[in-house]
Amino acid sequence: MTSPALLAPIAEPAARLRRIAACARDGRPIDPADAIPLQEAFDRHLIDGSSLDFLLGVTADGKGATPPWKALRIIDRDDAIRALASSLSEDVDGGNVLDAMLDELEQFANWRWPQLRLHQECPANPTSLEALMWQVLRLSGGRVLSRAYLAEILAG
């Protein structure tokens, strides 16, 4: 597993695009720190046709390298797993949070995920346990991660 400290710099170009999209969606001005690289990429693209993906830094650096969009998804997934564990720890009486999380995720994957998997956003209350499980599965390719992998994420 790649540590969050190593993924954050890789994910930054994708995070920048996410911030720009949020500003555009909300009708807010784009922060100059984000707008300048975007403007420079557009100018270069219009001058010589260079790939916007390359110019914006959202392509992988080489064969086998993690692309920025994937690094951002991994960070989001790991954050959702930690939030889920934190939410469940309030309900687990001295038990194992990891076991409770696995049980909840497996039940959700079997019963609710097939109905919700095609949604772009979780239709449930975004602060609910179901919304966290939806996000974990969405960012994990629809599968429940192994106990060892979840434990490694929680330990990191």
Side-chain angles (χ1 to χ4, degrees), residues 1-87 101-102 104-106 108-110 112-156:
M1 181 176 83
T2 308
S3 75
L6 293 175
L7 285 176
I10 296 169
E12 180 50 34
R16 179 185 310 117
L17 287 179
R18 181 184 278 172
R19 291 189 300 270
I20 290 169
C23 288
R25 197 173 22 259
D26 297 343
R28 293 180 287 120
I30 300 169
D31 185 306
D34 292 332
I36 291 169
L38 179 66
Q39 175 262 317
E40 290 172 351
F42 281 142
D43 287 347
R44 180 68 184 261
H45 173 72
L46 294 172
I47 290 169
D48 63 13
S50 297
S51 161
L52 284 173
D53 286 350
F54 174 75
L55 295 171
L56 292 170
V58 291
T59 56
D61 284 337
K63 187 174 183 172
T66 302
W69 62 268
K70 187 172 185 177
L72 188 59
R73 284 181 62 101
I74 292 168
I75 291 169
D76 290 346
R77 182 207 59 205
D78 292 358
D79 288 346
I81 288 169
R82 288 185 196 97
L84 179 59
S86 177
S87 292
M101 183 168 54
L102 271 170
E104 291 288 335
L105 281 170
E106 286 170 355
F108 183 80
N110 289 330
R112 292 288 288 143
W113 179 248
Q115 300 158 346
L116 301 176
R117 67 186 174 91
L118 298 178
H119 291 267
Q120 291 298 313
E121 293 181 6
C122 183
N125 176 354
T127 60
S128 72
L129 199 61
E130 185 172 277
L132 285 171
M133 289 186 290
W134 177 87
Q135 187 174 12
V136 168
L137 286 177
R138 184 177 137 264
L139 295 169
S140 300
R143 68 186 196 289
V144 177
L145 299 174
S146 73
R147 184 181 211 292
Y149 199 77
L150 288 171
E152 194 174 332
I153 291 168
L154 293 176

Engineer: Show, in sequence, the C-alpha distance, side-chain angles and deciding distance for D76 and R73, and conclude whether the salt bridge (Lys or Arg N to Asp or Glu O under 4.0 Å) test is met.
Structural biologist: CA-CA 5 Å; D76 290 346; R73 284 181 62 101; over 6 Å; no
Engineer: What distance separates S140 OG from L150 CG, expressed to the nearest 0.5 Å?
Structural biologist: 7.5 Å
Engineer: Check P29 against C23 and note the closest heavy-atom contact, atom names and distance.
Structural biologist: O-SG, 3.5 Å
Engineer: Once side-chain contact (heavy atoms from CB on, under 4.5 Å) is applied, do any residues pair with Q39, and if so which ones, sequence neighbours excluded?
Structural biologist: D43
Engineer: Using side-chain hydrogen bond (donor to acceptor under 3.5 Å, both in side chains) as the criterion, list what pairs up with E40, not counting sequence neighbours.
Structural biologist: none
Engineer: Compare all side-chain heavy atoms of L84 with those of L105 and state whether any distance is below 4.5 angstrom.
Structural biologist: yes
Engineer: Holding to side-chain contact (heavy atoms from CB on, under 4.5 Å), I want the full list of residues that pass it with A11, two or more places apart in sequence or in another chain.
Structural biologist: A71, L72, I75
Engineer: Measure across R16 and A33 and return the closest heavy-atom pair with its distance rounded to 0.1 Å.
Structural biologist: NE-O, 4.4 Å
Engineer: Using a 3.5 Å distance criterion without hydrogens, assess whether the side chain of W134 forms a donor-acceptor pair with backbone atoms of L116.
Structural biologist: yes
Engineer: Using the side-chain hydrogen bond (donor to acceptor under 3.5 Å, both in side chains) criterion, which residues pair with S50? Sequence neighbours excluded.
Structural biologist: D48
Engineer: With sequence neighbours excluded, tell me which residues meet side-chain hydrogen bond (donor to acceptor under 3.5 Å, both in side chains) with Q115.
Structural biologist: R112
Engineer: Do L154 and M101 have side-chain heavy atoms sitting under 4.5 Å apart?
Structural biologist: yes
Engineer: Show every side chain to side chain donor-acceptor pair (under 3.5 Å) that has at least one partner inside residues 26-37, sequence neighbours left out.
Structural biologist: R19-D34, D26-R28
Engineer: Roughly how far apart are I30 CD1 and I36 CD1, rounded to 0.5 Å?
Structural biologist: 11.5 Å
Engineer: Could you walk me through whether I153 and R77 pass the side chain to side chain contact (heavy atoms under 4.5 Å, CB included) test, one step at a time?
Structural biologist: CA-CA 10 Å; I153 291 168; R77 182 207 59 205; 3.8 Å; yes
Engineer: Not counting sequence neighbours, list each pair that qualifies as a salt bridge (Lys or Arg N to Asp or Glu O under 4.0 Å) and has a residue in residues 131-150.
Structural biologist: D99-R147
Engineer: Does A83 offer a backbone N or O that forms a donor-acceptor pair with the side chain of S87 under 3.5 Å?
Structural biologist: yes
Engineer: For the residue pair L55 and A41, what are the closest heavy atoms and their distance?
Structural biologist: CD1-O, 3.4 Å
Engineer: Measuring only between side-chain heavy atoms, which start at C-beta, is P13 closer than 4.5 Å to V58?
Structural biologist: yes
Engineer: Quick check for you: to the nearest 0.5 Å, what is the distance between D78 atom CG and L139 atom CG?
Structural biologist: 9.5 Å
Engineer: List the steps and the verdict of side chain to side chain contact (heavy atoms under 4.5 Å, CB included) for L132 and V136.
Structural biologist: CA-CA 6 Å; L132 285 171; V136 168; 5.5 Å; no
Engineer: Please round to the nearest 0.5 Å and tell me the distance separating atom CH2 of W113 and atom CD of E130.
Structural biologist: 11.0 Å
Engineer: Suppose we screen for side-chain contact (heavy atoms from CB on, under 4.5 Å). Which residues come up paired with T59, at least two apart in sequence or across chains?
Structural biologist: D53, F54
